[in-house]
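The figures that follow rest on heavy atoms only: side chains count, while hydrogens, waters and symmetry mates do not. Computed from a predicted structure; not experimentally measured.
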Amino acid sequence: MNICDEHASCSNTQGSYNCACNPKYIGDGLTCKADPCYNYRNLSDADRKSTYKTPNGGEKCDDDSSSIIFGKWYRFVGDAGTKMPTQCVPDFRCSAVFSGWLEGGHPTLADGEVSTKVCFTRSGDCCKKSNNIHVKDCGSYFIYKLQKPPSCDLRYCGTDGGP
């Protein structure tokens with residue numbers, strides 16, 4: 001009887017067996033799940049970048065009507081940048097009234113998936129509103145399991161390199 005997960009390989013040993021999750025899956029072999037580093041959605045809009053100044057009346061927000069599905073993994077790519085900024089972003093950036101940035105920095109590869117705080121800047125207060133998301137280092141890029149912000153007019157920002 002094979003008790004390895006359907007996404008695992010079983011190798012026989014003398015009197016026993018070993019289970020190991022297949023590539024692109026993580027777990028102990030008895031239970032495997034898709035590795036989010038291979039199962040994410042892209043955020044690529046140029047107006048999501050932290051250097052993008054929001055035109056008056058052109059504010060967007062990450063709420064239920066946006067293209068984000070909360071509780072799913074996302075990666076910043078292309079014109080949106082390569083990751084979330086880790087320093088206070090001025091308000092009225094990345095097409096939002098409240099600009100979102102990652103407080104405390106990014107995890108290392110060894111940290112695995114971590115829960116961390118996103119701050120949203122408004123009127124010079126770098127953390128006027130906040131919520132928690134999950135972040136994972138996938139080696140050459142980061143992915144973010146985004147949660148619904150506490151209100152509208154808040155948006156997750158991206159940046160290139162640096163903080």
Side-chain angles (χ1 to χ4, degrees), residues 21 23-28 31-163:
C21 293
K24 299 186 181 180
Y25 288 86
I26 54 176
D28 61 7
T31 304
C32 300
K33 66 178 185 173
D35 185 340
C37 288
Y38 300 98
N39 188 22
Y40 57 83
R41 300 162 191 256
N42 290 329
L43 295 173
S44 59
D45 297 334
D47 64 5
R48 193 173 282 281
K49 194 174 256 182
S50 61
T51 54
Y52 182 88
K53 290 187 179 181
T54 307
N56 190 18
E59 299 90 3
K60 296 182 179 180
C61 66
D62 286 332
D63 65 3
D64 291 332
S65 64
S66 73
S67 60
I68 291 180
I69 300 171
F70 299 108
K72 299 289 183 185
W73 289 98
Y74 287 86
R75 177 181 174 188
F76 288 90
V77 296
D79 291 338
T82 59
K83 61 184 179 178
M84 285 186 77
T86 56
Q87 292 180 348
C88 184
V89 175
D91 44 357
F92 291 100
R93 298 295 172 104
C94 61
S95 282
V97 173
F98 291 78
S99 309
W101 58 280
L102 194 66
E103 184 183 68
H106 286 85
T108 66
L109 193 57
D111 291 332
E113 180 182 327
V114 301
S115 178
T116 192
K117 182 177 175 180
V118 173
C119 287
F120 297 92
T121 307
R122 180 70 169 121
S123 300
D125 183 343
C126 285
C127 207
K128 183 78 170 179
K129 295 189 179 187
S130 67
N131 70 336
N132 289 320
I133 65 168
H134 287 114
V135 182
K136 185 173 182 183
D137 182 341
C138 292
S140 59
Y141 57 92
F142 296 97
I143 56 173
Y144 307 85
K145 191 176 196 178
L146 301 177
Q147 300 302 320
K148 184 177 179 178
S151 63
C152 198
D153 293 338
L154 287 78
R155 199 163 192 228
Y156 297 105
C157 298
T159 190
D160 285 319

Side-chain donor or acceptor of [X] paired with backbone N/O of [Y] under 3.5 Å:
X	Y	answer
D35	C37	yes
Y156	V118	no
T54	A96	yes
N42	V77	no
W101	T121	no
Y52	C157	no
T116	E103	yes
N131	K148	yes

When you compare the side chain of [Y] with that of [X], does any pair of heavy atoms fall below 4.5 Å?
X	Y	result
Y40	C138	no
H106	T86	yes
Y74	I69	yes
N132	K117	yes

Separation between [atom1] of [X] and [atom2] of [Y], rounded to the nearest 0.5 Å:
X	Y	atom1	atom2	value
I143	Y38	CD1	OH	10.5 Å
T108	D137	OG1	CG	6.5 Å
F92	D153	CZ	CG	8.0 Å
D125	F120	CG	CZ	13.0 Å
N39	K72	CG	NZ	8.0 Å

side-chain contact (heavy atoms from CB on, under 4.5 Å) filter on K53, not counting sequence neighbours, yields R93
Begin with the C-alpha distance, continue with both residues' side-chain angles, and end with the deciding distance and a verdict on side chain to side chain contact (heavy atoms under 4.5 Å, CB included) for F76 and K49. CA-CA 9 Å; F76 288 90; K49 194 174 256 182; over 6 Å; no
Over all atoms of both residues, closest heavy-atom pair of [X] and [Y]:
X	Y	result
A80	L43	CB-O, 3.3 Å
D160	G81	OD1-CA, 3.1 Å
L154	C152	CD1-O, 3.0 Å
V135	Y144	CG2-CD2, 3.7 Å
M84	G100	CE-O, 4.2 Å
I26	K136	CD1-NZ, 4.2 Å

Derivation of the side chain to side chain contact (heavy atoms under 4.5 Å, CB included) call for R155 and C61: CA-CA 5 Å; R155 199 163 192 228; C61 66; 5.7 Å; no
Under the criterion side chain to side chain contact (heavy atoms under 4.5 Å, CB included), I'd like the reasoning laid out for R48 against D62: C-alpha separation, chi angles, the key distance, then a yes or no. CA-CA 11 Å; R48 193 173 282 281; D62 286 332; 3.0 Å; yes
Strictly under 2.5 Å separating the two SG atoms? Check that for C88 and C119, please. no
With sequence neighbours excluded, residues passing salt bridge (charged side-chain N to carboxylate O under 4.0 Å, His left out) with D91: R122
Sequence-distant partners of K129, salt bridge (charged side-chain N to carboxylate O under 4.0 Å, His left out), two or more places apart: none
Just by distance, no angles: are the side chains of R75 and Y141 close enough, under 3.5 Å, to form a donor-acceptor pair? no
